[in-house]
Amino acid sequence: MRLHWHRTDLRPSDNLALVSPDADSILPVYVFDPRILDHAAPPRVAFVLDSLAALREWYRTRESDLIILRGEAPTELARLAEATDADAVSWAQAYSGLGRRRDDRVRDRLADAGIETHTVHDHLLHEPGSITTNDGDPYAVYSYFWKKWRDREKASSVAAPGADRLADAPEETAIPTLADLGFDDPEATIPAGGYMEARHCLNDFCGDDIYRYEDARDAPATDATSRLSPHLTHGTVGIRTVHDRVVRAREEAPDDAAREAVETFRGELAWREFYHHVLYFNPEVVTENYRGYEHDIEWRDDPEALQAWKEGKTGYPIVDAGMRQLRREAYMHNRVRMIVASFLTKDLLLDWREGYDWFRRKLVDHNPANDNGGWQWAASTGTDSQPYFRIFNPMTQGERHDPDADYIREYVPELGGVDADVIHGWHELSDAERRDAAPDYPAPIVDHGERREAALTMFERARGEAD
DNA sequence: GAGCGCTTACT
DNA sequence: GTAAGCGCT
């Protein structure tokens, strides 16, 4: 008998370890480890609890059960393995430094007890090290990575294990509540978790919105995105299942433009894999700049500006709408994530780590690979060597991507009755005009033009080009 | 076959 | 500005 340790693979089907032929029967287990929970936050834990309930139900209808444990993973898994006479424990390979260190401790502890461990690469279509430059190095530029990733053969999804492969549970265990785990209720409404919900998301998206993804993905008011990100982060859907369904959508595409749109979405799956590879080969990026500068970047220390950003009260409507969406839904449209990240680092001149930490606490889909990759891209400390210094103009971005200001008005009620042209020109109004239009919405807390120059100077100094 | 200069493109 | 490919040595 083998234990399967579920972590970010909260699904029964398209789960490689559950169908690998090396065990006659499998007993599934999930562990709430305080060392890992230290880095978690209410939105993600709430999503996990929801997903665990669905997964446990799947096992229970097959006369097995998901064992839920609390405590340090090495100790708990060794104890359960001994109690159930399991001779092995399997899990899906982790790619973050924290996850790999934890898994090393588990592997050592189990080896001491004479228990085998099996790890499988399950989270990515192409594991780290399998897509490299012609010299064999990991890529630091996405576009070259994409060219190789795009054309490489992908594995197909696998079925769920048959009931005959599942072991009887020795005891019934309870799923804890958020309060049991020491978390407050999230302030946001958390999207439903679970493998069924993930399937719905995937099928909804691939039946319709995927064909206009190219044109509509950057319009947050339309939101023609997949909403799959929490499911991919927590593994309520398998990546092979997603890719198979996307390829089917491409085959069923009505025309070339629709086929292109599907390919654009496939590019987003490649970004996810690219950033996982980057994190795997550079685990320190969660706290350090990927790109070295000659001197430290002299980020400002401005707690009030940081607080205004977190609360969505910067006086830049598109930024504030995004930050309010985050608090309300534990989610933010991806285009707006780029805008608020650029604003934090290039307008408020605050360290990307502050933004990354807030996202880590608030996003239901946070994972260190994608989130860190996105933050360091916005902060100009990451991969991609850019020919120009990237600074988003928050007004232009708002006008271009939310022209009717529908997204802004949805999330910023103070601007509810205000015309789009007034909203997009908010920075140009006099105090009296602003009071007149929306008395409860703040004036811009910084001047974008001034801060743009200050950002350029800050990075010139870091490069050692100015004093 | 590594080491170079040249070219190309960077969401 | 710089990573990566390419062709040449």
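Throughout, protein chains are lettered first and strands after them, A, B, ... in sequence-line order, and every chain is numbered starting at 1. The structure displayed is predicted, hence computed values, not measured ones.
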| request: Round to a whole Å and report the spacing from CZ of A/Arg463 to P of C/dG1. | output: 9 Å

| task | Nearest whole angstrom, please: distance from the P of B/dT11 to the CH2 of A/Trp377. | result | 9 Å

| Which residues, if any, of residues 262-273 of chain A bring a heavy atom under 4.0 Å of DNA chain B? | A/Glu268, A/Trp271

| Rounding to a whole Å, what distance do you find between A/Tyr275:OH and B/dT11:P? | 9 Å

| said: Without decimals, in angstroms, what is the distance between A/Asp135 CG and C/dC6 C1'? | reply: 11 Å

| query | Rounded to whole angstrom units, what separation is found between the CG atom of A/Asn134 and the P atom of B/dT8? | reply | 18 Å

| Ring centroid separation A/Tyr441 to A/Trp426 under 6.0 Å | yes

| request: With sequence neighbours excluded, give me every ring-ring contact (aromatic ring centres under 6.0 Å, His included) pair touching residues 222-252 of chain A. | output: A/Phe47-A/His231, A/Phe47-A/His234

Throw together a table of side-chain donor-acceptor distances under 3.5 angstrom for residues 413-423 of chain A, partners on residues two or more places apart or in other chains.
residue: A/Glu414; atom: OE1; partner: A/Arg324; partner atom: NH1; Å: 3.1
residue: A/Glu414; atom: OE2; partner: A/Arg324; partner atom: NH2; Å: 2.9

| Any side-chain N or O of A/Ser143 under 4.0 Å from OP1/OP2 of B/dT11? | yes

| task | Mind jotting down which residue pairs meet the salt bridge (charged side-chain N to carboxylate O under 4.0 Å, His left out) criterion with at least one end in residues 354-363 of chain A? Sequence neighbours excluded, please. | result | A/Glu187-A/Lys362, A/Asp357-A/Arg360, A/Asp357-A/Arg361

| Among C/dG5, C/dT2, B/dT11, the one nearest A/Tyr139 by side-chain distance | C/dG5

| Whole-Å distance separating the CZ atom of A/Phe274 from the C1' atom of C/dA3 | 11 Å

| task | Ignoring backbone atoms, test whether A/Lys147 places a side-chain nitrogen or oxygen under 4.0 Å from the OP1 or OP2 oxygen of C/dA3. | result | no

| task | Give the rounded distance in Å between these two atoms: CE of A/Met338 and P of B/dT11. | result | 12 Å

| task | Not counting sequence neighbours, list each pair that qualifies as a ring-ring contact (aromatic ring centres under 6.0 Å, His included) and has a residue in residues 312-340 of chain A. | result | A/Tyr316-A/Phe343

| message | To the closest 0.5 Å, what do you measure between OH (A/Tyr142) and NZ (A/Lys147)? | response | 11.0 Å

| Quick one: A/Phe392 CZ to B/dT11 C1', roughly how many Å, whole number? | 9 Å

| field | Residue pairs fulfilling salt bridge (charged side-chain N to carboxylate O under 4.0 Å, His left out) with at least one residue in residues 232-242 of chain A, sequence neighbours excluded | value | A/Asp14-A/Arg240, A/Asp122-A/Arg240

